[in-house]
Amino acid sequence: MSDYVLGIDLGTSAVKVSALNRNGQIIAQESADYDLIQPGPGYSEQNPEDWVSGTTAAIVRLIQHDHLTLKAITGISFSGQMHGLVLLDENNRVLRPAILWNDTRTTAQCKEIETLLGDSFIAITKNRPLEGFTLPKLLWVKENEPDIWAKAKTFLLPKDYVRFRMTGRLATDYSDATGTVLLDVAAGTWSKTICEKLHIPLSLCPPLIRSIDLAGNVTPSYAAFSGLTIGTKVFCGAADNAAGAIGTGILNSNRVLSSIGTSGVVLKYETNAETDYHGVLQFEDHAIPNKFYSMGVTLAAGYSLSWFQKTFAASESFADFITNAERSTVGANGLLFTPYIVGERAPYADASVRGSFIGIDGTHQRHDFVRAVLEGIIFSFRDIFAIYEENGSNFDTVVSTGGGSKSPLWLQIQADIFNRKVVSLKNEQGPGMGAAMIAAVGMGWFDSLQECTEQFIHFGKVYVPDSDHVKKYQQIYEIYRKVYARTKDISAELLNYRQHSL
Ligand SMILES: Nc1ncnc2c1ncn2[C@@H]1O[C@H](COP(=O)(O)OP(=O)(O)O)[C@@H](O)[C@H]1O
Ligand SMILES: O=C(CO)[C@@H](O)[C@H](O)COP(=O)(O)O
């Protein structure tokens with residue numbers, strides 16, 4: 001009997017569970033969707049119970065539909081959407097819906113942190129306090145929901161809650177811990193200085209373990225709930241972007257990762273802990289001990305496209321809807337889109353900016369709008385490339401992952417806008433693959449994640465830049481770059497109107 005590991009990718013739109021054998025072949029995959037709760041502009045929450053039931057439903061389907069043998073599922077690990085705040089009481093019960101990475105309600109708390117800690121904050125955490133991160137969310141609950149705050153005993157990140165429900169053990173790993181901006185990165189411990197200055201009990205922070213460490217076995221109660229056996233080992237796992245970097249083989253500096261999930265990410269492997277992007281890019285602990293990565297995040301990448309499809313083409317399949325864009329031209333017949341529809345994180349840390357279509361003409365058709373959305377998202381990634389270039393980095397290959405990499409048209413647009421070759425994976429599930437690789441190394445199938453890469457990662461088609469398209473996109477990108485500065489005040493005024501006058 002061959003044995004399998006499960007890689008659980010707890011995304012924002014869905015949880016995807018992949019079963020892999022020792023050769024790195026994907027034997028079966030199942031997923032379950034869940035909703036975002038958006039009670040107002042800037043708010044984004046999810047119910048942690050939905051993550052647990054979605055994950056369990058996908059596992060049950062692997063057992064019942066895909067006929068995986070129970071005893072053959074030997075190890076499990078996770079890739080989890082980052083930064084989300086899950087607050088637990090003294091009985092480890094969830095106190096309120098999780099506040100997610102794309103929730104931007106915490107501008108006042110970020111200012112407070114900057115005022116109290118100044119430059120020392122970046123020195124400790126390697127990041128600026130931005131709305132999406134966990135620490136400002138803790139402060140928001142403390143200031144706005146004192147009754148809930150009084151009951152809070154522990155916080156967890158999203159994947160940690162699902163793992164807690166499987167194993168009964170509270171913990172997080174270093175890659176998710178840096179994303180809280182409460183970790184003293186150099187010391188590898190929760191920062192006493194930050195906790196003391198902000199009056200956050202250090203005891204709220206969960207125990208830290210490494211991504212490949214064993215968190216525990218499946219408990220008898222979760223075994224009864226899911227059908228798994230108590231022999232299955234559960235390993236800690238990593239932040240989705242760390243897991244995505246592992247699952248796409250970003251283990252040196254001449255490749256970058258381009259991920260189009262709900263968010264968009266351009267990510268680079270960093271070997272030097274002293275690298276400093278002054279908080280414009282995020283700097284995070286990797287799932288590989290003592291290694292790091294930097295990244296720039298577009299808050300609404302795949303989300304911009306999904307929003308457009310749901311709003312204007314709900315009856316069409318996603319694949320048909322995207323194929324429509326082929327009827328437009330490079331540059332969408334002169335129509336530009338900026339994807340700031342929930343605010344932005346990089347390169348513009350601005351919770352009040354909103355998206356725009358610029359240059360709408362009476363001749364434009366729906367396919368031009370779809371193409372403009374696809375292109376605008378990639379222009380926002382191009383902004384991150386510009387920061388890396390300004391810092392002296394160069395790369396010849398971009399590895400593309402996430403739901404957006406299912407579209408050949410979008411992969412070609414990436415190659416043409418980045419002016420670099422773009423490589424797809426045989427399976428678009430980079431973070432899920434990374435999670436499975438963590439479980440495989442945890443199980444001792446390989447000595448290191450690097451060694452596992454050789455066996456598990458299989459690249460697919462390579463998309464090469466078309467020189468004519470590259471020239472056109474360079475021209476349009478120069479126009480795109482001007483849109484933020486010229487629209488930010490107008491969109492902030494409109495947001496203010498929505499928040500206070502409607
Ligand atoms: N067939 C497709 N072609 C291109 N993009 C797609 C397709 N299906 C879904 N997407 C995009 O993928 C995004 C979801 O990607 P995924 O990596 O699953 O996200 P998450 O990890 O945040 O749940 C959607 O927002 C959508 O824009
Ligand atoms: O906020 C970030 C990274 O800092 C996001 O990348 C989240 O980690 C969510 O990822 P997806 O659901 O889009 O994969």
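Here, residue 1 is the first one in the sequence, and each next residue gets the next number. Computed from heavy atoms alone, side chains included, the values below leave out hydrogens, waters and symmetry copies. Every number for a ligand or one of its atoms is a count from 1 in the order of the listing.
Annotation for ligand 2: atoms under 4.0 Å from non-hydrogen atoms of V297 are 3 (C), 4 (O). Residue contact check: N241 has heavy atoms under 4.0 Å from atoms 3 (C), 6 (O), 8 (O) of ligand 2. Residue-ligand proximity, R345 to ligand 2, at heavy-atom distances under 4.0 Å covers atoms 1 (O), 2 (C), 3 (C), 4 (O). The atoms of ligand 2 that sit less than 4.0 Å from any heavy atom of Q282 are 4 (O). Atoms of ligand 2 lying under 4.0 Å from any heavy atom of M295, numbered from 1 in the order shown and given with element: 3 (C), 4 (O). Close approach of ligand 2 to T262 is summarised as follows: ligand atoms under 4.0 Å from at least one heavy atom of the residue are 13 (O).
Annotation: Y484 is in aromatic contact with Y348 [ring centroid separation under 6.0 Å]. Between F395 and F385, the gap from one ring centroid to the other is short of 6.0 Å. Between Y174 and H286, the ring centre distance reaches or exceeds 6.0 Å. Ring-centre distance between Y477 and Y473: not below the 6.0 Å cut-off.
Protein heavy atom closest to atom 12 (O) of ligand 2, with residue, atom name and distance, is T12 OG1, 2.5 Å. Protein heavy atom closest to atom 6 (O) of ligand 2, with residue, atom name and distance, is S263 OG, 2.9 Å. Atom 10 (O) of ligand 2 has its closest protein heavy atom at D240 OD2, 2.8 Å. If you check which protein heavy atom lies closest to atom 4 (O) of ligand 2, you get H83 NE2, 2.6 Å.
Between the side chain of E30 and the main chain of V17, no donor-acceptor pair closer than 3.5 Å is present.
A salt bridge between D350 and K488 is absent, with no side-chain N of the basic residue lying under 4.0 Å from a carboxylate O of the acidic one.
The 12-atom threshold is not exceeded at CG of N290, counting heavy atoms of other residues, nucleotides or ligands nearer than 6.0 Å.
Nearest approach of S175 to A239, heavy atoms of both residues: OG-N, 2.9 Å. Between A346 and G296, the shortest heavy-atom contact is CB-CA, 3.9 Å.
Relative to the six-membered ring of Y340, R354 misses at least one condition, a distance below 6.0 Å or an angle of at most 45° to the axis.
Ligand 1 lies under 4.0 Å from heavy atoms of G11, T12, S13, A14, K16, I260, G261, T262, G302, Y303, L305, S306, F318, I322, G402, G403, G404, K406, S407, W410.
E49 is linked by a side chain to side chain contact (heavy atoms under 4.5 Å, CB included) to N47, V52, Y161, R165, counting only residues two or more places apart in sequence or in another chain.
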